[in-house]
Amino acid sequence: MYGEVVEEHPIDFWTGKPVEGLFIVLTDFLKDIDNIKNASSVKVRINSPGGDLEAGVAIYNRLKAMKNVTTIVDGIAASAASLIFQAGDTRQIYQNSQVMVHSASMFLFDYYNLEDLQEAEKQLAAANDQVIGTYVERTGRERVKVKHMVEDTTWMTGQEIIDEGFADELIQAKVPMAMSADKRFVISNGLRIDSRVFGKILPSIKETADAGTDPAKSKKEVKRMTLDELKKEEPDLVKSIEDAAKATVDTETIAAQARDAERQRIRDIESIEATIADKDLVNAAKFGDKPMDAKELAFTAMQKQAQIGNQILTDMKADADDSGAKNVEPEPVDGIVAGKDDKAQKEAKDKADIEAAAKALGFGKETK
């Protein structure tokens with residue numbers, strides 16, 4: 001197991017091809033281990049700066065479940081690789097092998113609120129508990145001591161690794177180990193490792209001017225070119241860079257326009273929502289599965305209001321029909337017969353009343 005611990009083989013952003021180099025790939029490991037699942041013993045040689053914690057935990061668990069596993073540090077077992085190293089029933093190291101344990105870390109790139117950061121803190125705390133628990137189990141050390149070692153980023157070498165309980169046997173030999181003069185790279189038993197992944201380098205690794213470099217390439221003069229010269233010599237490279245930059249700008253512009261349009265939509269709805277009684281309809285227009293703009297909301301609200309008005313009229317008619325009022329016949333009032341000419345009957349009745357009153361008072365027709 002030489003190289004960085006990853007879940008899947010990394011792909012180059014520019015070319016779309018697998019990145020060259022050595023990697024401990026979880027998906028490949030799971031296929032390989034199925035081929036040796038019935039082996040009577042397994043020997044794993046490790047030279048790795050670590051990498052993805054969850055991939056390292058998965059590899060550790062699968063190795064731990066096998067029989068007679070021997071793990072050997074051929075150079076460096078740092079971070080997640082130190083966890084894989086602990087899976088061995090027998091853990092061996094060379095005199096100058098390096099083992100490093102440290103706290104889990106997380107890459108963040110975006111804007112985050114307090115709740116987001118608190119959630120990230122919980123995830124990191126859980127990851128630290130995970131690795132600390134494994135180290136405690138395999139070393140037999142007190143949890144408090146192991147916790148301090150992890151939090152302090154602890155490097156160990158040779159016999160010290162055994163003394164701290166992280167290994168069982170010391171191999172009486174040394175592996176080639178050096179650091180470049182600019183401290184950018186560590187060469188561990190032929191594996192070139194970017195030193196930035198460690199965070200803190202063990203001082204015992206010696207520096208050498210040739211570490212991590214090819215002598216032939218190190219003497220090669222660096223050729224500097226203008227943009228026009230670069231376009232002439234590497235037109236495909238320049239075009240790919242320009243296309244990627246343009247795509248990035250276009251994507252950001254589209255995202256900004258979409259964000260502004262959405263904000264304007266919400267503002268337009270809020271400008272009319274006080275006139276709409278149905279608040280559920282307003283919320284659905286803002287945040288529902290089928291969002292609406294202000295015009296669509298107003299039209300929908302008018303349709304619903306018209307439906308409500310029509311329903312009220314329909315209900316009133318139904319109530320009237322149910323009351324039986326259509327079947328009620330009018331009663332005669334003071335001699336007025338229903339169905340006759342009401343005005344004529346009233347005039348005749350008034351005339352008769354006047355004549356009766358005159359007769360009662362002694363008035364009558366004049367006689368000659």
Side-chain angles (χ1 to χ4, degrees), residues 1-6 21-26 28-29 32-33 36 41-53 55-64 66 68-102 131-132 134-141 146 149-150 152-179 185-195 197-206 211-212:
M1 292 188 177
Y2 274 39
E4 183 181 351
V5 180
V6 294
L22 295 174
F23 295 94
I24 303 170
V25 184
L26 174 60
D28 293 343
F29 165 80
D32 293 338
I33 201 170
I36 59 170
S41 64
V42 177
K43 183 175 289 186
V44 180
R45 309 191 76 94
I46 302 170
N47 193 12
S48 169
D52 187 273
L53 173 60
V57 170
I59 293 172
Y60 166 85
N61 287 332
R62 290 299 298 270
L63 288 175
K64 193 73 170 59
M66 300 189 73
N68 298 326
V69 176
T70 299
T71 50
I72 305 169
V73 179
D74 278 352
I76 289 177
S79 189
S82 70
L83 195 66
I84 296 173
F85 177 51
Q86 299 307 306
D89 298 303
T90 301
R91 302 162 297 170
Q92 298 178 342
I93 47 104
Y94 286 87
Q95 289 181 353
N96 64 331
S97 292
Q98 312 278 338
V99 171
M100 184 266 277
V101 297
H102 67 167
V131 297
I132 289 172
T134 300
Y135 293 146
V136 168
E137 177 187 355
R138 297 297 287 130
T139 64
R141 293 292 185 267
V146 174
M149 293 178 70
V150 168
D152 294 340
T153 304
T154 303
W155 282 90
M156 296 166 281
T157 306
Q159 184 62 45
E160 181 184 8
I161 301 172
I162 295 176
D163 293 342
E164 292 294 346
F166 285 85
D168 305 301
E169 298 178 2
L170 183 67
I171 300 174
Q172 296 296 330
K174 292 185 177 182
V175 294
M177 188 88 65
M179 182 187 297
F185 300 101
V186 172
I187 303 302
S188 173
N189 201 11
L191 178 65
R192 175 173 167 168
I193 303 172
D194 190 333
S195 62
V197 303
F198 297 131
K200 185 170 69 175
I201 300 298
L202 187 67
S204 64
I205 300 180
K206 296 181 179 180

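Just so you know, residue 1 is the first one in the sequence shown, and it goes up from there.
- Heavy atoms only, all atoms of each residue included: L63 and A87 are closest at CB-CB, 3.7 Å.
- Every side-chain hydrogen bond (donor to acceptor under 3.5 Å, both in side chains) that E169 has, sequence neighbours left out, goes to Q92.
- Among all heavy-atom pairs drawn from V186 and M177, the shortest one is CG1-SD, 4.5 Å.
- Under the rule for a side chain to side chain contact (heavy atoms under 4.5 Å, CB included), the partners of V146 that lie at least two apart in sequence or sit in another chain are I132, Y135, V136, T139, R141, V150.
- Here D168 pairs with R91 under the salt bridge (Lys or Arg N to Asp or Glu O under 4.0 Å) rule; sequence neighbours left out.
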- May I have the step-by-step check of side-chain contact (heavy atoms from CB on, under 4.5 Å) for M156 and D163, ending in yes or no? CA-CA 10 Å; M156 296 166 281; D163 293 342; over 6 Å; no
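- To the nearest 0.5 Å, atoms CD (Q98) and CD1 (I93) are separated by 10.0 Å.
- Note that OG of S82 and CE of M100 are 7.5 Å apart. Values are rounded to the nearest 0.5 Å.
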- Would you check, one step at a time, whether the test side-chain contact (heavy atoms from CB on, under 4.5 Å) holds for I171 with I72? CA-CA 9 Å; I171 300 174; I72 305 169; 3.9 Å; yes
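- Applying side chain to side chain contact (heavy atoms under 4.5 Å, CB included) to M1 and the options I24, L22, N47, D74 leaves one that passes, I24.
- Nearest heavy-atom pair across A80 and G51 is CB-N, 3.8 Å.
- Taking CG of D89 as the start and OG1 of T71 as the end, the distance is 8.5 Å to the nearest 0.5 Å.
- Considering only heavy atoms from C-beta on, M66 comes within 4.5 Å of I36 through its side chain.
- Interatomic distance, OG of S48 versus CG of L191, reported as 7.5 Å (0.5 Å rounding).
- The CG atom of N96 sits 8.5 Å away from the OG atom of S188 when rounded to the nearest 0.5 Å.
- Counting only heavy atoms from C-beta outward, the side chains of Y94 and K174 never approach each other to under 4.5 Å.
- Contact record, G3 with P49: O-CD, 3.6 Å, taken as the closest heavy-atom pair.
- For F166 against M149, the heavy-atom pair with the smallest separation is CE1-CE, 3.7 Å.
- To the nearest 0.5 Å, atom OH of residue Y60 and atom CG of residue L53 are 12.5 Å apart.
- Taking all atoms of both residues into account, the shortest heavy-atom contact from G56 to V5 is N-CG1, 3.9 Å.
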